[in-house]
Protein chains: 2
Amino acid sequence: MSRINVLVVEDEPLIATDIEEYLTNVDYKVSTIAKTKTEALNALKNHDFDLALLDINLGNNMDGFDIANTINSHYGIPFLYLTSYSGKNIVNQAKVTRPMGYILKPFEEDDLFCSIEIALYNHGQNQRPQNLCLRTINDQIFLKITSKEFDILEDIFEGKTNKQMATKHYVSINTIKSHVKNLYEKLETHSRSGTIVRIRELMNN
Amino acid sequence: MSRINVLVVEDEPLIATDIEEYLTNVDYKVSTIAKTKTEALNALKNHDFDLALLDINLGNNMDGFDIANTINSHYGIPFLYLTSYSGKNIVNQAKVTRPMGYILKPFEEDDLFCSIEIALYNHGQNQRPQNLCLRTINDQIFLKITSKEFDILEDIFEGKTNKQMATKHYVSINTIKSHVKNLYEKLETHSRSGTIVRIRELMNN
DNA sequence: TGCATTTTCACCCAAAAAGGTGATTTTAAA
DNA sequence: TTTAAAATCACCTTTTTGGGTGAAAATGCA
């Protein structure tokens with residue numbers, strides 16, 4: 001497995017080399033340090049990065065936000081802001097660009113490492129199975145789903161048949177049918193696929 | 001708009017009150033401070049939180065991970081770890097629980113504020129409806145799905161029955177069954193719900 | 001301890017889906 | 001215009017689901 005390839009965007013050379021050293025120490029690879037927006041966009045165009053670390057303020061401009069937007073629309077890699085701005089205003093501007101983290105200067109090697117690891121992992125998982133949440137569902141329906149019923153619901157959501165569920169849970173298929181029937185009543189559905197659709201809806205509110 | 005309701009899980013009273021003060025300063029509401037796993041789970045059961053801040057280590061146990069798992073499966077609120085562990089091992093254990101952030105002690109008020117704001121925003125945005133894409137699907141299977149079959153597939157994904165589809169498309173139910181059969185062959189599935197699961201997978205790559 | 005809920009299971013019937021075979025008509029491309 | 005692929009439809013059998021009724025354990029609280 002090759003090392004994670006990082007783009008560092010930072011206009012202050014001293015800080016940039018600091019970051020580079022930190023990242024190298026924890027086994028990431030810094031293949032480019034960009035000092036301006038132009039350099040950053042160029043690097044993005046010409047290389048494949050796994051992650052970007054963005055300073056928001058580059059030479060008196062909030063160019064970090066622009067870079068973030070370009071990353072979102074064109075490259076889809078995760079990124080974190082490394083900045084000394086902590087004001088409400090800036091943070092609100094920053095959050096709508098959907099960074100995976102916001103680290104305030106000064107920071108330490110470990111801060112960087114932990115946040116990056118979480119960011120990379122979450123980014124990788126984000127286009128992935130959506131998992132159900134009992135509370136979210138129950139908040140939206142009148143007759144509440146019990147925890148056993150919830151287990152069955154998860155299996156239905158995974159496409160399992162009654163027989164498979166009976167085997168998995170070491171109970172009679174009749175028991176499964178009973179749970180399924182109760183689920184349909186509580187969710188006001190009448191079929192497995194209809195139930196999956198319903199759950200998709202409930203989990204998106 | 002009422003203030004963000006935060007659950008703080010921290011076994012060290014001094015740190016807990018520090019966190020509470022920080023959060024109150026930046027206009028969050030700390031409605032519960034839990035010192036043990038039991039207290040935390042109880043609080044989650046009895047209150048509606050918008051966010052949780054978890055210490056990983058509670059009295060010599062890694063109970064923070066358990067709490068995180070319960071949050072994911074039962075409550076679906078975003079959470080951040082506040083901890084002094086920065087080892088690779090711990091971080092790797094932590095990331096699979098999908099925290100929205102990982103903040104190392106000691107931290108400051110602003111660190112907390114920035115990370116929480118990002119976490120809350122990203123969590124809120126993460127739920128989205130998904131739509132199918134023929135190209136994406138066909139790129140991943142050997143026998144390609146035709147455009148008519150794709151129409152049927154969309155209906156299956158929406159939970160429709162064969163009869164409903166027949167009515168909608170002005171064809172015999174036998175025709176629908178024929179299309180469905182072909183879809184199962186091409187997608188290597190054997191049921192409607194299994195097909196929905198398969199499509200979910202194919203659309204997430 | 002007693003009561004309510006949950007979980008377990010059985011049996012029955014009807015409806016829907018799954019699986020197979022075969023065949024005709026349309027459509028689109030060579 | 002021939003030909004292959006796609007779309008249409010029929011019929012049949014078996015399996016799985018859905019829907020209804022009822023009831024005995026097990027569990028969890030009060």
Can a side chain N or O of B:Tyr184 be found less than 4.0 Å away from OP1 or OP2 on C:dA18? yes
Are B:Glu108 and B:Phe113 close enough, and set up right, to give a side chain to side chain contact (heavy atoms under 4.5 Å, CB included), and what steps lead you there? CA-CA 9 Å; B:Glu108 294 179 39; B:Phe113 173 73; over 6 Å; no
B:Phe150 has an atom CZ; how far is it from atom P of D:dA7, in whole Å? 13 Å
Would one find a side-chain N or O of A:Lys163 under 4.0 angstrom from OP1 or OP2 of D:dT16? yes
Atom-to-atom span, CG of A:Asn182 to P of D:dG22 - whole angstrom: 16 Å
What is the distance, rounded to the nearest whole Å, between atom NE2 of B:His190 and atom P of D:dT17? 13 Å
Quick one: is A:Ser191 getting a side-chain N or O under 4.0 Å of the D:dT17 phosphate, OP1 or OP2? no
Under 4.0 Å from OP1 or OP2 of C:dT5: is there any side-chain N or O of A:Thr146 that close? no
Would you mind reading off the distance between A:Lys177 atom NZ and D:dT17 atom P, rounded to a whole angstrom? 9 Å
Out of C:dT8, D:dT17, D:dC9, which nucleotide sits closest to the side chain of B:Asn174? D:dC9
Run the salt bridge (Lys or Arg N to Asp or Glu O under 4.0 Å) test on A:Lys29 and A:Asp50 for me, step by step, so that the C-alpha distance in whole Å, both residues' side-chain angles and the decisive distance to 0.1 Å come before the verdict. CA-CA 10 Å; A:Lys29 176 179 154 202; A:Asp50 302 301; over 6 Å; no
Test salt bridge (Lys or Arg N to Asp or Glu O under 4.0 Å) applied to A:Glu149 and A:Lys144, step by step: CA-CA 10 Å; A:Glu149 284 164 356; A:Lys144 307 307 178 190; over 6 Å; no
Look up atom NE2 in B:His47 and atom CG in B:Asn5, then write down how far apart they are to the nearest 0.5 Å. 8.5 Å
Between D:dT15 (C1') and B:Arg192 (CZ): distance, integer Å: 15 Å
Assert: residue with more 5' nearest nucleotide on DNA chain D, out of A:Ile173 and B:Val171, is B:Val171
Look at A:His179 and C:dT7 and indicate whether a side-chain polar atom (N or O) is within less than 4.0 Å of OP1 or OP2. no
Looking at C:dA16, I'd like to know if its phosphate oxygens (OP1 or OP2) sit under 4.0 Å from a side-chain N or O belonging to B:Asn162. no
Pick one: which of A:Lys105, A:Lys37, A:Lys35 meets salt bridge (charged side-chain N to carboxylate O under 4.0 Å, His left out) with A:Asp55? A:Lys105
B:Glu188 CD - C:dG19 P separation (whole Å): 13 Å
Decide yes or no, distance alone: a donor-acceptor N/O pair under 3.5 angstrom between the base of C:dT21 and the side-chain of B:Lys181. yes
With sugar-phosphate meaning primed atoms plus P, OP1 and OP2, does A:Thr175 contact a base, only sugar-phosphate, or nothing at under 4.0 Å between heavy atoms? base
Separation of D:dA6 P from B:Ile176 CD1 (nearest whole Å): 17 Å
For the pair made of CE in A:Met165 and P in C:dT8, what is the distance, rounded to whole Å? 13 Å
